[in-house]
Amino acid sequence: MAKMMSEISVPVIDLKKFPEEEEYNKLREVCEKWGCFRLVNHDIPGSLMQEMKEVAIYVLSLPSEIKKCKVDPSKYKRTGHMLYTHQPLFETMGIDLGSPQPLNDLFSQWDLPPQHRHTIEAYGKATRELAVNLAKKIQESVLGLPIAPEEVLDFENWRCEFKLNKFKFSPEAIGDYGLHWHTDGGFLTVLQDDDEIAGLEAWHSPSNCFVPVTPAPGTFFINIGDVGHVWSNGRFENVKHQVKCNVEMPRHSITTFLLAPMDRNVEVGKEFVDSDHPPLFGPFKFESYADTRRATNLIAGEALDFLRSHPAENTSEDPKRFRPTENTSEDPKVQV
Ligand SMILES: O=C(O)CCC(=O)C(=O)O
Ligand SMILES: [Fe+2]
């Protein structure tokens with residue numbers, strides 16, 4: 001069994017403390033050492049978070065015949081209900097909020113209360129803005145202020161994805177995985193984890209163990225994904241995380257993924273490159289990276305090895321490379 005160090009806890013970033021230099025330094029260090037943090041004092045109202053959770057509970061408890069009824073997948077790649085044979089406790093509902101049409105189609109097919117639409121739109125907009133704000137703070141934490149306007153990244157134009165998740169926890173599922181360990185593919189994720197039902201665990205490389213993430217109502221859990229790792233030239237941790245069933249009650253979470261530039265390549269940020277730190281990754285299109293992750297089922301950041309500038313320098317010698325001490329007898333990696 002992997003050791004679980006319950007005395008270590010995920011660091012906290014306080015959004016109200018910016019632009020204090022100390023909080024910028026903490027943010028940068030946390031991205032390097034953990035790749036995740038608990039965010040407090042953001043300005044998304046607790047009432048909107050609660051309403052969004054109620055919508056998630058409502059939508060994901062609809063009969064499966066209704067949930068199965070998909071909006072045209074050729075039209076909307078990111079909208080629809082998904083189940084995973086290897087992760088039977090997990091189901092997710094993706095909604096593309098990039099244009100009003102997918103929501104129009106969903107609401108006309110599913111006959112959802114109109115108020116739910118308002119909640120999804122308001123919450124999607126608020127968490128997207130929060131993700132963009134955090135991404136900017138992260139860039140500022142590296143470059144220092146003020147950043148020359150031409151260097152500020154256009155995070156507001158980046159691709160964003162939105163998902164409602166349900167974990168069908170029950171007495172029989174105790175000890176099972178809701179989601180096996182993985183990284184998120186994008187730049188960063190704003191996760192509203194269940195405010196009552198625990199289960200999320202984040203990998204902490206310096207301690208070589210998974211750390212339980214304790215629910216904290218009214219806050220978000222933020223994690224850096226593979227694109228954030230590439231952009232920082234490997235300096236920021238694309239944190240591995242998993243969800244385990246410890247409680248006998250269903251668990252719900254809502255994820256807003258800030259993924260990558262829409263029409264440009266993902267590239268190593270030039271602020272991370274100098275003669276001692278050549279770029280570790282070549283430029284790539286996010287969609288093709290996402291396809292590779294899916295096709296190879298390498299969903300814990302290993303697919304980045306295909307993009308390394310010097311593939312011979314395989315990360316297997318990297319002492320920080322993820323080596324789980326449990327789950328090794330089976331292949332736990334399943335697409336998320
Ligand atoms: O529900 C959670 O706590 C985590 C969800 C997650 O990791 C994901 O959707 O990628
Ligand atoms: Fe995740």
Side-chain angles (χ1 to χ4, degrees), residues 9-10 34-39 49 52-53 55-57 59-60 78-84 86-96 123-124 127 131 159-169 173 176-204 210-217 219-229 236-247 249-260 290 293-294 297-304 322 324 332-336:
S9 52
V10 168
W34 281 84
C36 64
F37 52 90
R38 178 65 73 187
L39 183 75
M49 294 176 75
M52 191 60 235
K53 184 179 174 188
V55 172
I57 293 173
V59 166
L60 290 164
R78 291 178 180 75
T79 301
H81 182 241
M82 282 161 273
L83 293 166
Y84 302 88
H86 293 95
Q87 311 200 92
L89 299 181
F90 180 64
E91 62 175 286
T92 186
M93 173 73 206
I95 306 177
D96 183 351
Y123 182 93
T127 50
R159 187 186 294 283
C160 212
E161 225 171 85
F162 181 69
K163 280 188 184 152
L164 316 178
N165 301 323
K166 177 176 182 181
F167 297 88
K168 289 164 269 179
F169 289 173
D176 290 352
Y177 286 88
L179 266 179
H180 291 294
W181 52 267
H182 65 282
T183 60
D184 292 347
F187 186 85
L188 68 76
T189 305
V190 173
L191 169 76
Q192 180 178 335
D193 49 334
D194 198 299
D195 49 3
E196 288 170 279
I197 312 291
L200 177 63
E201 297 175 356
W203 181 256
H204 185 225
F210 277 107
V211 172
V213 179
T214 314
T219 70
F220 290 98
F221 176 81
I222 311 294
N223 63 282
I224 301 285
D226 295 348
V227 169
H229 182 71
F236 291 171
E237 192 75 16
N238 43 344
V239 62
K240 281 85 184 166
H241 52 287
Q242 61 189 18
V243 179
K244 240 177 161 176
C245 174
N246 309 312
V247 183
M249 305 249 291
R251 178 179 182 277
H252 294 84
S253 65
I254 302 123
T255 37
T256 304
F257 301 95
L258 182 65
L259 296 175
R293 261 177 70 113
R294 257 189 298 275
N297 205 19
L298 295 170
I299 56 154
E302 313 90 325
L304 290 176
F322 182 57
K333 291 169 289 175
V334 179
Q335 191 62 53
V336 286

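One-based numbering, in listed order, for ligands and for the atoms of each. Here the structure is a predicted model, which means the values were calculated and not measured.
Close placement of the Trp34 and His204 rings is indicated, their centers lying within 6.0 Å of each other.
Nearest N, O or S atom of His241 to the Fe ion (ligand 2): atom NE2. Nearest N/O/S atom of Asp184 with respect to the Fe ion (ligand 2) is recorded as OD1.
For ligand 1, none of its N or O atoms has an N or O atom of Asp193 under 3.5 Å away.
Near Val243, the atoms of ligand 1 lying under 4.0 angstrom from a non-hydrogen atom of the residue are 2 (C), 3 (O), 4 (C). Numbered from 1 in the order shown, with element, the atoms of ligand 1 that lie under 4.0 Å from a heavy atom of Ser253 read 1 (O), 2 (C). Those atoms of ligand 1 with a heavy atom of His182 less than 4.0 angstrom away are 6 (C), 7 (O), 8 (C), 10 (O). Listed by number with element, the atoms of ligand 1 under 4.0 angstrom from any heavy atom of Thr255 are 9 (O). For ligand 1 and His241, the ligand atoms under 4.0 Å from any heavy atom of the residue are 7 (O).
Looking only at distances, no side-chain donor or acceptor of Thr255 sits under 3.5 Å from a matching main-chain atom of Leu191. Side-chain N or O atoms of Thr92 include one that pairs as donor or acceptor with a backbone N or O of Leu164 at under 3.5 Å.
Looking only at side-chain heavy atoms (C-beta outward), Phe169 and Pro250 stay at 4.5 Å or farther from each other.
When non-hydrogen atoms are compared, ligand 1 lies under 4.0 Å from neither the backbone nor the side chain of Asp194. Neither the backbone nor the side chain of Thr189 comes within contact range of ligand 1; no heavy atom lies under 4.0 Å. Contacts with ligand 1 closer than 4.0 Å are made by side-chain heavy atoms of Leu179 only, the backbone lying farther away. Under 4.0 angstrom from ligand 1, the non-hydrogen atoms of Phe167 all belong to its side chain. With a 4.0 Å cut-off on non-hydrogen atoms, Asn165 touches ligand 1 through its side chain and not its backbone.
In this structure, Lys163 has no heavy atom closer than 4.0 Å to ligand 1. In this structure, Gln242 falls outside the shell of residues with a heavy atom less than 4.0 angstrom from ligand 1.
Distance CZ/Phe90 to CG/Asn165: 4.0 Å, rounded to 0.5 Å. The OG atom of Ser253 sits 12.5 Å away from atom NZ of Lys166, with the distance rounded to the nearest 0.5 Å.
Ion pair Asp176/Lys244 not flagged as a salt bridge, since none of the NZ, NE, NH1 or NH2 atoms sits closer than 4.0 Å to an Asp/Glu carboxylate oxygen. A salt bridge links Glu161 to Lys163: one of the charged nitrogens lies within less than 4.0 Å of a carboxylate oxygen. Classification of Arg38 and Asp193 as a salt-bridged pair holds, one side-chain N sitting under 4.0 Å from a carboxylate O.
A side chain to side chain contact (heavy atoms under 4.5 Å, CB included) with His182 is found for one member of Leu298, Asn238, Ile299 and no other, namely Ile299.
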